[in-house]
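This report concerns only the one structure given below.
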Amino acid sequence: MGKLTRKLIIAGSVVLLAGGGLYWAREHFGGFRHLFGNIEDKLAGKDMYDAKESIFKRGNRDYPDLLLTIDDGPHPESLPRILDTLKQYHVHATFFLVGKMVKKHPDLVRRIIAEGHEIGNHTQDHIRLDTLNEKQIRAELINCELNIAQACGRSTHLMRPPGMRFNPTVLKVVHEMGYTCVDWNIAAKDFVPPTDSKEAGTAGRATFNMDPQLVVDRVVERVKNGEIILLHDIPVTADALPMILEQLQTKGYTFKSTAQMLAELPTPVTLVANPQAKNVVLTAQKNPHTINPTTPKRAVGVR
């Protein structure tokens, strides 16, 4: 074997090992954004809560607590089963709701609140906010807020941009409207793309994501203290949720609300997720929640 051949083999092996390592890291940390973002934020002391950007990134690593978040509902095909399971296992979750779905199913929103869960703003139309201008971003949040208030008489102080896609303009609006943005650490990849999508590989991913056991494994095998779990309000998640909760509770994990997790941070954050909606208007008002004792209250848009 010649020197050139040996060098090529060595170089190929290094590339394969590096690629395999990056693939493992991406899967383990829930994507490259979380992999590299966690390192950068930890070095800057912002890996749990970034007060400047109003982003909650993870809970306290010292406690075996988890935050369960469920996006994109309410959907009548799956949400009642999800709520039944949460009641059975005495778990409270945070639901990030889409305004147009709230308008269709206000009874489900009222049930979420009645059973002690938190509600967050997930925009009116589930559009990627980083593709919109400032006026459009505000409209997406305001319209969702209005629908939630009309459905259950509550305001929201939590939000999650669809796909966790944001830019400086999105963060500016979120900050000015008084929201705390809730990130995630563990993604079950339970979201099934629309069947009419033209994206290559959609059908294969949809079939792959339809297995409840895979959804369970993606959560249970990777979870650590203080992490935020991302699930979606769809039937496969309703199927997987009993197994997820039972296995994590058997491992000794406790589920907390977003407000509880924020209060347990090394620098506690005080927040009421869903206070009673007062006069729901489109003008700025004072925000009744405080981020921490040293952070001033911020103006909000719709309460």
Side-chain angles (χ1 to χ4, degrees), residues 26-42 45-51 53-73 82 86 89 91-97 112 116-122 156-166 171 174 179-191 215-233 237 240-241 244-245 247-249 251-271 273-274 291:
R26 186 190 68 180
E27 294 298 303
H28 184 75
F29 288 98
F32 289 125
R33 179 176 68 85
H34 286 97
L35 168 61
F36 298 114
N38 286 344
I39 297 171
E40 180 183 355
D41 291 339
K42 197 166 185 177
K46 301 185 298 183
D47 59 317
M48 288 182 279
Y49 181 79
D50 187 333
E53 295 187 343
S54 305
I55 301 178
F56 176 38
K57 299 181 179 181
R58 59 162 296 119
N60 198 320
R61 292 179 175 84
D62 294 335
Y63 306 123
D65 296 334
L66 301 171
L67 171 57
L68 180 64
T69 66
I70 301 175
D71 287 9
D72 295 359
I82 289 172
L86 293 173
Y89 286 90
V91 169
H92 286 140
T94 302
F95 290 84
F96 290 95
L97 303 182
I112 292 172
H117 305 288
E118 295 172 330
I119 286 175
N121 189 322
H122 202 42
T156 60
H157 287 160
L158 305 172
M159 69 83 63
R160 174 177 284 159
M164 272 308 292
R165 293 261 299 273
F166 56 82
L171 293 178
V174 168
Y179 287 110
T180 292
C181 178
V182 181
D183 201 347
W184 51 265
N185 315 111
I186 299 294
K189 300 181 182 178
D190 56 339
F191 178 70
V215 174
V216 174
D217 292 344
R218 290 176 192 135
V219 174
V220 174
E221 293 178 359
R222 291 165 39 202
V223 77
K224 298 182 182 67
N225 285 3
E227 293 193 319
I228 302 171
I229 299 170
L230 167 64
L231 298 175
H232 291 85
D233 181 1
T237 298
L241 190 59
I244 291 173
L245 298 183
Q247 291 182 38
L248 290 178
Q249 288 181 339
K251 288 187 173 189
Y253 288 106
T254 299
F255 289 89
K256 299 286 185 69
S257 68
T258 303
Q260 289 172 324
M261 295 279 277
L262 284 165
E264 291 181 351
L265 294 177
T267 301
V269 176
T270 303
L271 179 145
N274 298 117
I291 294 305

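Residues: numbered from 1 along the sequence shown. Quick note: numbers below take in every heavy atom, side chains included, and nothing from hydrogens, waters or symmetry partners. This is a predicted model, so every value here is computed, not measured.
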Margin query: Please verify the inter-ring angle class for F56 with Y49; under 30° counts as parallel, over 60° as perpendicular, anything in between as tilted.
Written below: tilted
Check: How far does NE2 of H122 sit from CG of D71, to the nearest 0.5 angstrom?
Finding: 4.0 Å
Next item on the list: State whether the side chain of E118 and the backbone N or O of T258 hold a donor-acceptor pair below 3.5 Å, judged by distance alone.
Entry: yes
Next item on the list: Indicate yes or no for a side-chain donor-acceptor contact from N185 to the backbone of I228 under 3.5 Å, with no hydrogens or angles considered.
Entry: yes
Next item on the list: Could you pull out all residues at least two apart from Y63 that satisfy side-chain hydrogen bond (donor to acceptor under 3.5 Å, both in side chains)?
Entry: none
Check: Any side-chain heavy-atom pair from R61 and M48 closer than 4.5 angstrom?
Finding: yes
Notebook entry, point to check: In Å and rounded to the nearest 0.5 Å, what is the CZ to CG distance from F255 to L66?
Noted result: 5.0 Å
Item checked: Residues V182, T94; criterion side-chain contact (heavy atoms from CB on, under 4.5 Å); working and verdict -> CA-CA 10 Å; V182 181; T94 302; 5.9 Å; no
Checklist line | Minimum heavy-atom distance P268-P266, with the two atoms named | finding: CD-O, 3.4 Å
Next item on the list: Please report the shortest heavy-atom distance between K256 and D65, naming the atom on each side.
Entry: NZ-OD2, 3.1 Å
Next item on the list: Taking all non-hydrogen atoms of both residues into account, name the closest pair between L231 and A188 and its distance.
Entry: CD2-CB, 3.4 Å
Notebook entry, point to check: Do I82 and I70 have side chains that get closer than 4.5 Å, going by heavy atoms?
Noted result: yes
Check: What is the distance from atom CD1 of I119 to atom CD1 of I112, rounded to the nearest 0.5 Å?
Finding: 5.0 Å
Checklist line | Residue list, salt bridge (Lys or Arg N to Asp or Glu O under 4.0 Å) with D233, at least two apart or on another chain | finding: none
Next item on the list: Applying salt bridge (Lys or Arg N to Asp or Glu O under 4.0 Å), name anything that partners D72, two or more places apart in sequence or on another chain.
Entry: none
Next item on the list: Keeping the roles fixed (side chain from H232, backbone from D190), state whether a donor-acceptor pair exists under 3.5 Å.
Entry: no
Notebook entry, point to check: Of the non-hydrogen atoms in I186 and V219, which two are nearest, and what is the gap between them?
Noted result: CG2-CA, 3.9 Å
Check: Excluding sequence neighbours, so at least two apart, what forms side-chain hydrogen bond (donor to acceptor under 3.5 Å, both in side chains) with Q260?
Finding: S257
Next item on the list: Can you measure from CZ (R222) to CG (D217) and round to the nearest 0.5 angstrom?
Entry: 11.0 Å
Check: Can you tell if the side chain of V269 reaches within under 4.5 Å of the side chain of T180, non-hydrogen atoms only?
Finding: no
Check: Within a strict 4.5 Å, meaning less than it, do heavy atoms of the L171 and S54 side chains meet?
Finding: no
Next item on the list: Please assess V220 against K251 for the test side-chain contact (heavy atoms from CB on, under 4.5 Å), listing each intermediate value before the final yes or no.
Entry: CA-CA 9 Å; V220 174; K251 288 187 173 189; 3.7 Å; yes
Check: Should L245 and L86 count as side-chain neighbours, where that means a heavy-atom distance under 4.5 Å?
Finding: yes
Next item on the list: Would you please name every residue forming a side-chain hydrogen bond (donor to acceptor under 3.5 Å, both in side chains) with N225, sequence neighbours left out?
Entry: none
Next item on the list: Mind checking side-chain hydrogen bond (donor to acceptor under 3.5 Å, both in side chains) for R58 and listing every partner two or more places apart, or none if nothing turns up?
Entry: none
Next item on the list: Measure from the side-chain N and O atoms of R160 to the backbone N and O of D183, and report whether any donor-acceptor pair falls under 3.5 Å.
Entry: yes
Next item on the list: Kindly indicate whether the side chain of F166, heavy atoms from C-beta on, has any atom under 4.5 Å from the side chain of I55.
Entry: yes
Notebook entry, point to check: Which is it for I244 and T237 under the side-chain contact (heavy atoms from CB on, under 4.5 Å) test, yes or no, and what are the steps along the way?
Noted result: CA-CA 10 Å; I244 291 173; T237 298; over 6 Å; no
Next item on the list: For residues Y179 and N121, report the shortest heavy-atom separation together with the two atoms involved.
Entry: OH-ND2, 3.1 Å
Notebook entry, point to check: Looking only at heavy atoms, what is the nearest atom pair of V91 and Q249, with distance?
Noted result: CG2-NE2, 3.4 Å
Next item on the list: Supply the atom-to-atom distance F95 CZ to L68 CG, rounded to the nearest 0.5 angstrom.
Entry: 7.5 Å
Notebook entry, point to check: What distance separates T156 OG1 from N274 CG, expressed to the nearest 0.5 Å?
Noted result: 7.0 Å
